[in-house]
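Here is the structure we will look at.
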Amino acid sequence: MGKLKVLPAQLSNMIAAGEVVQRPSSVVKELVENAVDASATQVSVIIEDAGRTLIQVIDNGVGMSPADAVLCFERHATSKIATPEDLSDIITYGFRGEALASIAAVAEVTLKTRRAQDDTAVQVKIGGGGQTKTASVAAPVGSNFAVRNLFFNTPARRKFLKSDNIEFRHIVEEFTRVAITRPDVSFSLTHNGREVYVLNKAKSLKFRIMDLLGSSVVSDVVDLDTKTAEVEVRGFLGRPDTARKTQGNQFFFVNGRFFRSAYFHKAVMKAYEGLIPDGVTPAYFIFLETDPHTIDVNVHPTKTEVKFEDDSVIFQLLYACVRETLGKNSFGASIDFDSDGAVELPKLSSHFGEYLGNSAPEIGADPTFDPFSIHSDGQSFSDVADLGGGGSIDSVHDAGSGFTRHNYVDESQDYGKLFEQRIAPSSRTLTVQGKYI
Ligand SMILES: Nc1ncnc2c1ncn2[C@@H]1O[C@H](COP(=O)(O)OP(=O)(O)O)[C@@H](O)[C@H]1O
Ligand SMILES: [Mg+2]
């Protein structure tokens with residue numbers, strides 16, 4: 001008799017979880033991405049103890065049928081692809097059907113979900129031993145995932161979790177990476193009962209970035225916008241004089257998905273050569289839009305690596321358009337586009353419009369704004385005006401949560417750039433500080 005055994009599902013899911021669920025922020029990423037994939041327009045993330053005790057994501061998306069609510073925890077159960085051809089046409093965040101099975105293998109999960117056409121919601125509880133209990137319950141349309149006791153059965157993982165501050169910072173990073181690309185969706189993030197972010201729908205990417213990272217980040221950038229046959233490159237580049245020693249606000253997205261690329265980072269840094277001193281990194285928010293057939297996101301279970309059909313073409317394009325944009329904005333007189341070695345911008349494609357997203361930055365202002373009225377949340381004009389001044393900003397949202405900061409504190413003492421000079425959501429900021437537009 002042979003020695004081979006096919007592992008039971010619970011064990012193979014635990015093994016897969018090793019890659020998919022590295023820390024609490026991985027769970028946040030997977031659940032928030034699922035919510036957006038389910039067409040939610042409102043996504044609330046509730047965290048207790050940096051995710052050790054509770055990670056809950058509530059959405060108003062399409063919900064699931066009672067049968068799907070059970071099936072979604074099976075490995076390779078997905079509604080997002082069906083055929084091998086679909087693999088090269090991915091427009092959703094998910095497609096591997098692995099995340100929920102992996103999460104349920106290393107935590108206790110309760111799901112409540114309801115579709116618009118169903119009268120009642122279904123509740124599915126997956127206990128520690130993998131046993132499933134279902135019940136009919138009342139709940140609004142959408143899905144509500146609560147993940148408790150993460151890594152209860154993988155003590156090594158639990159032990160390697162870092163401090164709550166560090167784990168929560170990872171959560172904010174993952175939350176940011178999804179929220180930044182979807183200004184058309186409202187998001188909130190609550191930690192230990194305190195609202196860390198309340199992001200109303202934003203008018204454009206720029207407003208969403210401002211809501212997430214602060215008005216100073218947005219006022220220190222120039223627009224990047226280039227279209228070629230292969231790819232559209234849009235986004236924002238930090239002014240060279242605002243480049244920092246610490247990294248933090250460097251983002252690449254392709255078709256709305258955050259990805260890492262040391263190679264493309266090099267292209268951007270090369271374009272800044274001569275404009276910034278050694279050892280500093282500019283902020284950048286670069287959104288690539290391309291035909292999904294030309295990229296492969298199925299490189300790693302977490303999908304933060306993306307393979308492009310021709311990396312070197314994108315490298316050159318990035319270098320050229322960043323360099324050109326910086327030159328156009330006359331940062332440093334030293335840029336000479338006729339010099340040897342300069343890269344020509346590829347020619348524009350007449351088809352490029354097809355890839356244009358619908359969230360291009362737009363200008364807006366609130367014509368009904370009355371500076372002397374009290375805001376609906378009870379905050380007076382003078383309170384809001386104070387937000388632009390620095391010190392009081394974070395105490396509005398972060399008091400007591402451990403994230404209090406002032407613009408003048410030493411960066412090394414706090415949570416890094418993600419929290420830098422963060423201000424109130426755009427609805428309020430806009431009315432008072434229209435000049436940021
Ligand atoms: N928030 C949600 N709303 C509706 N359906 C969901 C939600 N989360 C997950 N699902 C369903 O469960 C399936 C499995 O989810 P997941 O394990 O994350 O795999 P994937 O996202 O790769 O398909 C999804 O394909 C989707 O059909
Ligand atoms: Mg998923």
Side-chain angles (χ1 to χ4, degrees), residues 9-10 12-22 25-46 55-84 86-107 109-118 121-126 130 132 134 139-147 174-175 177-179 181-182 185-188 255-258 292 296-304:
Q10 167 76 3
S12 65
N13 287 339
M14 274 176 78
I15 293 168
E19 279 181 307
V20 182
V21 191
Q22 286 158 4
S25 64
S26 326
V27 176
V28 172
K29 169 184 188 287
E30 297 297 338
L31 295 184
V32 172
E33 288 184 349
N34 278 347
V36 174
D37 280 347
S39 309
T41 55
Q42 165 70 55
V43 181
S44 310
V45 182
I46 299 165
I55 298 164
Q56 187 167 21
V57 175
I58 305 169
D59 70 57
N60 66 350
V62 294
M64 281 181 263
S65 69
D68 282 356
V70 175
L71 194 59
C72 72
F73 293 103
E74 294 288 324
R75 187 124 167 257
H76 309 309
T78 181
S79 55
K80 298 171 194 175
I81 57 169
T83 66
D86 294 343
L87 257 187
S88 54
D89 221 354
I90 286 165
I91 48 162
T92 49
Y93 284 112
F95 61 87
R96 299 171 60 108
E98 267 186 326
L100 293 178
S102 301
I103 294 166
V106 292
V109 183
T110 304
L111 162 64
K112 281 186 215 160
T113 184
R114 179 159 83 86
R115 299 177 302 175
Q117 65 263 45
D118 297 329
V122 63
Q123 173 174 282
V124 179
K125 270 190 174 185
I126 317 268
T132 305
T134 60
V141 172
S143 301
N144 176 337
F145 283 89
V147 176
E174 295 294 359
F175 175 86
R177 288 168 186 172
V178 181
T181 65
R182 296 303 301 262
V185 177
S186 310
F187 291 90
S188 67
N255 298 350
R257 182 192 299 280
F258 170 83
D296 183 1
V297 291
N298 191 21
V299 182
H300 185 266
T302 59
K303 309 182 210 93
T304 45

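In each ligand, atom 1 is the first atom listed, and ligand 1 is the first ligand listed.
Asp59 OD2, 2.8 Å is the protein heavy atom nearest to atom 1 (N) of ligand 1. The shortest contact between atom 2 (C) of ligand 1 and any protein heavy atom is with Ser143 OG, 3.6 Å. Distance from atom 13 (C) of ligand 1 to its nearest protein heavy atom, with residue and atom name: Ala77 O, 3.8 Å. Of all protein heavy atoms, the one closest to atom 7 (C) of ligand 1 is Met64 CE, 3.8 Å. For atom 4 (C) of ligand 1, the closest non-hydrogen atom on the protein side is Ala38 CB, 3.6 Å. The shortest contact between atom 21 (O) of ligand 1 and any protein heavy atom is with Lys80 NZ, 2.7 Å. Protein heavy atom at the shortest distance from atom 18 (O) of ligand 1 is Asn34 ND2, 2.8 Å. In this structure, atom 26 (C) of ligand 1 lies nearest to the protein heavy atom Ser79 OG, 3.4 Å.
In summary, the atoms of ligand 1 found under 4.0 Å from a heavy atom of Arg96, numbered by their order in the structure, are 22 (O). Listed by number with element, the atoms of ligand 1 under 4.0 Å from a non-hydrogen atom of Thr78 are 20 (P), 23 (O), 25 (O). Counting the atoms of ligand 1 from 1 in the order shown, those under 4.0 Å from a heavy atom of Gly94 are 21 (O), 22 (O). Atoms of ligand 1 lying under 4.0 Å from any heavy atom of Phe95, numbered from 1 in the order shown and given with element: 20 (P), 22 (O). Ligand-side atoms of ligand 1 in range of Ala99: 17 (O), 18 (O), range being under 4.0 angstrom from any heavy atom.
Residues Ser26 and Val20 are not in side-chain contact: their nearest non-hydrogen atoms beyond the backbone lie 4.5 Å or more apart. The closest side-chain heavy-atom distance from Asn34 to Leu100 is below 4.5 Å. At least one side-chain heavy atom of Phe95 sits less than 4.5 Å from a side-chain heavy atom of Leu87. Ile91 has its side chain within reach of Pro292: a pair of non-hydrogen atoms, C-beta onward, lies under 4.5 Å apart.
Between Arg257 and Thr92, the shortest heavy-atom distance links the atoms NH2-O, 2.8 Å. Here the shortest heavy-atom pairing between Glu98 and Ser102 reads O-OG, 2.8 Å.
Residue-ligand proximity: Phe145 is placed with a non-hydrogen atom under 4.0 Å from ligand 1.
In this structure, Asn60 CG and Asn144 CG are separated by 12.0 Å, a value rounded to the nearest 0.5 Å.
At least one N/O/S atom of Asn34, whether from backbone or side chain, sits less than 2.8 Å from the Mg ion (ligand 2).
Below 3.5 Å of separation, one finds no N or O of Ala101 facing any N or O of ligand 1. Of the polar atoms of Leu100, at least one N or O is found under 3.5 Å from an N or O of ligand 1, judged by distance alone.
With a heavy-atom cut-off of 4.0 Å, Tyr93 does not touch ligand 1 at all. At a 4.0 Å heavy-atom cut-off, ligand 1 touches Glu98 through the backbone alone.
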Could you go through the side chain to side chain contact (heavy atoms under 4.5 Å, CB included) check for Val43 and Phe175 one step at a time? CA-CA 10 Å; Val43 181; Phe175 175 86; over 6 Å; no
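Annotation: Lys112, atom NZ; neighbour count of heavy atoms from other residues, nucleotides and ligands within 6.0 Å does not exceed 12. Counted within 6.0 Å of NZ on Lys125, heavy atoms from surrounding residues, nucleotides or ligands total 12 or fewer; the atom is thus considered open.
Judged by a 6.0 Å distance limit and a 45° cone about the ring axis, Lys29 is not positioned over the six-membered ring of Tyr93.
Of the N and O atoms on the side chains of Asp118 and Ser65, not one donor lies less than 3.5 Å from an acceptor on the other residue.
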